[in-house]
**Student:** 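The structure follows.
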Amino acid sequence: MHAPLSQELTLAFERVTAAGDFILGDEVQRFEDAFAAYCGVEHCVGVSSGTAALTVALRSAGIGAGDEVVVPAHTYIASALGALNTGARPVFCDVDRATGLIDPAAAAAAITERTAAIMAVHLYGQPCDMRGLRALAADKGLLLLEDAAQAHGAVHDGRRAGGLGTVAAFSFYPSKNLGALGDGGAICTDDVVIAERARELRNLGQRGKGEHVVAGANERLDGMQAAFLSVKLPYLDGWNATRRALAERYRELLPADLELLTEAPGRECVFHLYPVRADDRDALAARLSAQGVQTGVHYHPSVPAQPPFAHLADGGDFPAAVAWAQEELSLPMGPSLTERDIARVAAACGA
Ligand SMILES: *Cc1c(COP(=O)(O)O)cnc(C)c1O
């Protein structure tokens with residue numbers, strides 16, 4: 001993926017090194033402006049990771065100790081840790097059986113008088129049901145946060161992820177649809193107050209030089225990663241188009257006993273991963289491995305069952321999330337694969 005970009009990336013490295021602009025600075029500002037425009041929002045604030053983006057986004061909206069954040073029980077653990085790290089309590093809710101995405105009815109049932117926010121995780125690159133979630137958030141006066149770490153470029157009713165709620169968190173972990181050459185993340189929002197607080201929080205709470213107005217952390221995006229991201233951003237739509245074409249090929253070729261994702265009308269998935277569900281997931285993984293096909297599991301065990309969340313003792317039961325954790329297998333997916341690779345994987349699934 002990076003080989004065709006090596007000249008552009010080398011030039012970016014040389015430019016940043018010559019300028020000595022290693023922390024925040026012009027390169028970060030330049031990328032923030034470009035990514036805000038890409039997402040169709042007013043403000044982008046670069047931070048050090050997707051997990052930091054979630055925490056800073058919630059804290060910037062005033063959420064912390066004493067608050068509850070509704071989080072889907074089927075997601076990457078960072079979604080729930082991002083909420084936990086603010087001091088708030090993540091409250092899990094079940095997901096939709098077909099998509100694995102947060103179910104607005106289950107989210108509504110998880111709301112209490114302490115609930116301050118709902119986290120919409122666009123898992124696998126699929127946009128959540130934002131109409132349902134926006135109606136719920138508006139009705140209850142809650143913040144609607146997008147965890148868009150797997151959904152750079154995903155579309156919902158003509159708008160891109162990042163501009164579908166009040167505030168959004170992105171990760172630029174190298175394997176994401178848009179990845180840095182190291183860690184990185186960003187917050188996107190149209191809310192100027194949230195954006196200004198996020199700029200302070202990511203930088204030790206600093207407003208003016210030497211003036212620290214809040215107990216922030218060091219969660220800055222560095223100039224080198226911003227410069228690399230500026231090189232890669234113009235390629236994102238092409239990479240996503242390749243992912244979507246490969247997903248279409250899988251749909252044509254995979255055996256009928258596997259359950260695949262289907263796109264809801266008005267929503268474009270960017271297939272960060274290609275999850276299938278199989279009754280005997282582990283046997284399928286072993287069969288593929290024996291034929292030289294590497295697969296992944298995203299995610300098992302489910303988040304509420306992991307030790308950092310045990311003390312919350314929800315005692316909730318999340319049948320759809322548990323089924324996803326047991327049945328999901330991620331087949332190879334990425335912009336450097338070819339249709340021949342997909343045909344080979346599909347044949348191995350049927351063998
Ligand atoms: C990757 C990811 C994160 C965390 O991003 P990092 O940059 O690794 O901290 C959060 N949520 C989801 C859904 C992710 O996939």
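Throughout, numbering of the chain's residues begins at 1 and tracks the sequence.
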**Student:** Examine distances only and state if a side-chain atom of Ser171 and a backbone atom of Ala149 form a donor-acceptor pair shorter than 3.5 Å.
**Tutor:**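 Checked: no pair found.
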**Student:** Strictly distance-based, threshold 3.5 Å: is any side-chain N or O of Asp129 a donor or acceptor partner for the main-chain N or O of Asp103?
**Tutor:**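 No: the side chain of Asp129 does not pair with the backbone of Asp103.
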**Student:** Hydrophobic clusters here meaning ILVMFWY residues chained together by side-chain heavy-atom distances under 4.5 Å, can you tell me if Val95 and Tyr76 are in one?
**Tutor:**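 Same cluster: Val95 reaches Tyr76 through Ile, Leu, Val, Met, Phe, Trp or Tyr contacts under 4.5 Å.
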**Student:** Check Thr115 against Leu142 and note the closest heavy-atom contact, atom names and distance.
**Tutor:**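 Smallest interatomic distance, heavy atoms only, reads O-CD2, 3.2 Å.
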**Student:** Please check if Ile63 and Phe92 belong to a single hydrophobic cluster, counting links between Ile, Leu, Val, Met, Phe, Trp and Tyr side chain heavy atoms closer than 4.5 Å.
**Tutor:**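 Shared cluster, yes.
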**Student:** Measure the spacing between CD of Glu252 and CG of Leu254 and express it to the nearest 0.5 Å.
**Tutor:**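 Separation between the atoms: 10.5 Å.
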**Student:** Hydrophobic clustering (ILVMFWY, side-chain heavy atoms < 4.5 Å, transitive) - are Tyr173 and Leu221 grouped together?
**Tutor:**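 No, Leu221 and Tyr173 fall in different hydrophobic clusters.
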**Student:** Identify which one of Leu58, Val47, Leu54 satisfies the side chain to side chain contact (heavy atoms under 4.5 Å, CB included) criterion when paired with Ile187.
**Tutor:**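 Exactly one option meets the side chain to side chain contact (heavy atoms under 4.5 Å, CB included) with Ile187, and it is Val47.
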**Student:** Around atom CZ of Arg131, are there more than 12 heavy atoms of other residues, nucleotides or ligands at under 6.0 Å?
**Tutor:**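 Open.
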**Student:** Is Gln225 reaching over with its side chain to a backbone N or O of Leu181, donor-acceptor style, under 3.5 angstrom?
**Tutor:**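 Confirmed, Gln225 side chain pairs with Leu181 backbone.
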**Student:** In chain order, what residues pass the salt bridge (charged side-chain N to carboxylate O under 4.0 Å, His left out) check against Arg114, with sequence neighbours excluded?
**Tutor:**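 With sequence neighbours excluded, Arg114 shows a salt bridge (charged side-chain N to carboxylate O under 4.0 Å, His left out) to no residue whatsoever.
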**Student:** Could you grab the distance from atom CG of Leu284 to atom CG of Leu331, nearest 0.5 Å is fine?
**Tutor:**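 Leu284 CG to Leu331 CG: 7.0 Å, rounded to 0.5 Å.
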**Student:** Any salt bridge linking Glu200 with Arg197? Criterion: basic side-chain nitrogen under 4.0 Å from a carboxylate oxygen.
**Tutor:**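 Judged by the 4.0 Å cut-off on N to carboxylate O distance, Glu200 and Arg197 do not form a salt bridge.
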**Student:** Run the side-chain donor-acceptor check on residues 36-43: report pairs under 3.5 Å with partners two or more places apart or on a different chain.
**Tutor:**
unit_1	atom_1	unit_2	atom_2	d
Tyr38	OH	Asp237	OD1	2.6

**Student:** Give a yes or no answer on whether the side chain of Asp21 reaches the backbone of Asp26 with a donor-acceptor pair at less than 3.5 Å.
**Tutor:**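 A pair under 3.5 Å: yes.
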**Student:** Donor-acceptor check, side chain of Gln126 to backbone of Thr99, threshold 3.5 angstrom: yes or no?
**Tutor:**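 Yes.
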**Student:** Shortest non-hydrogen contact from Leu258 to Ala278?
**Tutor:**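 Result for this residue pair: CD2-CB, 3.7 Å.
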**Student:** Tell me the ring pair (Phe, Tyr, Trp, His ring centres under 6.0 Å) pairs involving residues 1-28, sequence neighbours left out?
**Tutor:**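 Non-adjacent pairs meeting ring pair (Phe, Tyr, Trp, His ring centres under 6.0 Å): zero.
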**Student:** Could you tell me which residues satisfy salt bridge (charged side-chain N to carboxylate O under 4.0 Å, His left out) with Asp280, sequence neighbours excluded, listed by chain and number?
**Tutor:**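 Asp280 satisfies salt bridge (charged side-chain N to carboxylate O under 4.0 Å, His left out) with no residue once adjacent residues are dropped.
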**Student:** Determine which pairs satisfy ring pair (Phe, Tyr, Trp, His ring centres under 6.0 Å) with at least one residue from residues 324-351, sequence neighbours left out, and list them in order.
**Tutor:**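 For residues 324-351: His74-Trp324, Tyr124-Trp324.
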**Student:** Judged by atom type as modelled, is there a donor-acceptor pair below 3.5 Å linking the side chain of Lys232 to the main-chain atoms of Leu178?
**Tutor:**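 No: the side chain of Lys232 does not pair with the backbone of Leu178.
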**Student:** Nearest 0.5 angstrom please: Arg160 CZ to Cys188 SG, how far?
**Tutor:**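 Taking CZ in Arg160 and SG in Cys188, the distance rounds to 11.5 Å.
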**Student:** Let me check something: any side-chain donor-acceptor pairs from residues 267-276 under 3.5 Å, sequence neighbours excluded? List them with distances.
**Tutor:**
unit_1	atom_1	unit_2	atom_2	d
Arg267	NH1	Pro127	O	3.1
His272	ND1	Asn177	OD1	3.0

**Student:** Do Met224 and Leu9 land in one hydrophobic cluster if side-chain heavy atoms of ILVMFWY residues count as linked below 4.5 Å?
**Tutor:**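 Yes, Met224 and Leu9 fall within the same hydrophobic cluster.
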**Student:** For Arg244, what residues pass the salt bridge (charged side-chain N to carboxylate O under 4.0 Å, His left out) criterion, not counting sequence neighbours?
**Tutor:**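 Arg244 satisfies salt bridge (charged side-chain N to carboxylate O under 4.0 Å, His left out) with Glu263 once adjacent residues are dropped.
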**Student:** Take a 6.0 Å sphere around CD of Gln7 and say whether it holds more than 12 heavy atoms from other residues, nucleotides or ligands.
**Tutor:**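 Atom CD in Gln7 is not crowded, with 12 or fewer foreign heavy atoms closer than 6.0 Å.
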**Student:** Which pairs with one or both residues in residues 180-194 pass side chain to side chain donor-acceptor pair (under 3.5 Å), sequence neighbours excluded?
**Tutor:**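 Qualifying pairs: none.
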**Student:** Between Phe309 and Pro90, is there a side-chain heavy-atom distance shorter than 4.5 Å?
**Tutor:**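 A side-chain contact under 4.5 Å exists here.
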**Student:** Take Arg251 and Thr262 through the test side chain to side chain contact (heavy atoms under 4.5 Å, CB included) and record every step on the way to the result.
**Tutor:** CA-CA 9 Å; Arg251 168 162 292 287; Thr262 50; 3.4 Å; yes
**Student:** Apply side chain to side chain contact (heavy atoms under 4.5 Å, CB included) to Val56 and Val45, showing your working.
**Tutor:** CA-CA 10 Å; Val56 169; Val45 181; 5.9 Å; no
**Student:** Can you list every side chain to side chain donor-acceptor pair (under 3.5 Å) pair that touches residues 137-150, not counting sequence neighbours?
**Tutor:**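 Every side chain to side chain donor-acceptor pair (under 3.5 Å) pair that includes a residue of residues 137-150, provided the two are not neighbours, is Ser79-Asp147, His122-Glu146, Gln150-Tyr299.
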**Student:** Minimum heavy-atom separation for Ala53 and Phe170, please, with both atom names.
**Tutor:**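 Nearest pair, atom of Ala53 first, then Phe170: CB-O, 3.8 Å.
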**Student:** Could you tell me the separation between the OG1 atom of Thr112 and the CZ atom of Arg89, rounded to the nearest 0.5 Å?
**Tutor:**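 Answer rounded to 0.5 Å: 8.5 Å.
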**Student:** Can you list everything that forms a salt bridge (charged side-chain N to carboxylate O under 4.0 Å, His left out) with Arg344? Sequence neighbours excluded, please.
**Tutor:**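 Arg344 satisfies salt bridge (charged side-chain N to carboxylate O under 4.0 Å, His left out) with no other residue.
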**Student:** Do you know which of Leu143, Val69, Ile102, Thr166 makes side chain to side chain contact (heavy atoms under 4.5 Å, CB included) with Ile118?
**Tutor:**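 Considering Leu143, Val69, Ile102, Thr166, a side chain to side chain contact (heavy atoms under 4.5 Å, CB included) with Ile118 is found only for Ile102.
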**Student:** Does the distance from a Lys or Arg side-chain N to an Asp or Glu carboxylate O, for Glu219 and Arg59, drop under 4.0 Å?
**Tutor:**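 Looking at Arg59 together with Glu219, the answer is no, because their closest N to O distance does not fall below 4.0 Å.
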**Student:** Under 3.5 Å, side chain of Gln326 to main-chain N/O of Ala323, donor-acceptor pair present?
**Tutor:**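 No.
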**Student:** Do Leu233 and His152 come within less than 4.5 Å of each other through their side chains, counting heavy atoms only?
**Tutor:**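 A side-chain contact is absent here, since even the closest heavy-atom pair is not under 4.5 Å.
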**Student:** Distance check, rounded to the nearest 0.5 Å: Arg220 atom CZ versus Arg199 atom CZ?
**Tutor:**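 Nearest 0.5 Å value for the CZ-CZ distance: 14.0 Å.
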**Student:** Applying side chain to side chain contact (heavy atoms under 4.5 Å, CB included), run through Leu260 and Tyr250 and close with a yes or a no.
**Tutor:** CA-CA 9 Å; Leu260 314 180; Tyr250 267 136; 5.8 Å; no
**Student:** Which pair of heavy atoms, one from Leu201 and one from Ala215, lies closest together, and at what distance?
**Tutor:**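 Here Leu201 and Ala215 meet closest at CD2-O, 4.4 Å.
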**Student:** Output yes when Glu27 and Arg30 qualify as a salt bridge under the 4.0 Å nitrogen-oxygen rule, no when they do not.
**Tutor:**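 Salt bridge flag = yes for Arg30 with Glu27.
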**Student:** Less than 3.5 Å apart, which donor and acceptor atoms pair up between the side chains of residues 288-295 and the rest of the protein, not counting sequence neighbours?
**Tutor:**
unit_1	atom_1	unit_2	atom_2	d
Gln291	NE2	Arg287	O	3.3
Gln291	NE2	Ala348	O	3.2

**Student:** Does the gap between the ring centers of Phe172 and Phe228 come in under 6.0 Å?
**Tutor:**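 When the ring centroids of Phe172 and Phe228 are compared, they turn out to be at least 6.0 Å apart.
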**Student:** State whether the side chain of Asp94 and the backbone N or O of Ala105 hold a donor-acceptor pair below 3.5 Å, judged by distance alone.
**Tutor:**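 Answer holds: no.
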**Student:** Shortest non-hydrogen contact from Ala186 to Cys44?
**Tutor:**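 Closest approach of Ala186 to Cys44, heavy atoms only: CB-SG, 3.8 Å.
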**Student:** Apart from Val322 itself, what residues make up its hydrophobic cluster when side-chain heavy atoms of I, L, V, M, F, W and Y under 4.5 Å apart count as a link, directly or indirectly?
**Tutor:**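 Result for Val322 is none, singleton.
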**Student:** Any sub-3.5 Å donor-acceptor pair from Arg281's side-chain atoms to Glu328's backbone N or O?
**Tutor:**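 It does hold such a pair.
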**Student:** Give a yes or no on this: more than 12 heavy atoms of other residues, nucleotides or ligands lie within 6.0 Å of atom CG of Asp257.
**Tutor:**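 Count over threshold, so yes.
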**Student:** I need the minimum non-hydrogen distance between Ala227 and Ala12, along with the two atoms involved.
**Tutor:**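 The answer is CB-CB, 4.0 Å.
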**Student:** Any side-chain to backbone donor/acceptor pair from Thr55 onto Gly82? Under 3.5 Å, distance only.
**Tutor:**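 Such a contact is found between Thr55 side chain and Gly82 backbone.
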**Student:** Mind checking the CD-CG spacing from Glu32 to Leu229? Nearest 0.5 Å is all I need.
**Tutor:**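 CG of Leu229 is found 11.0 Å from CD of Glu32.
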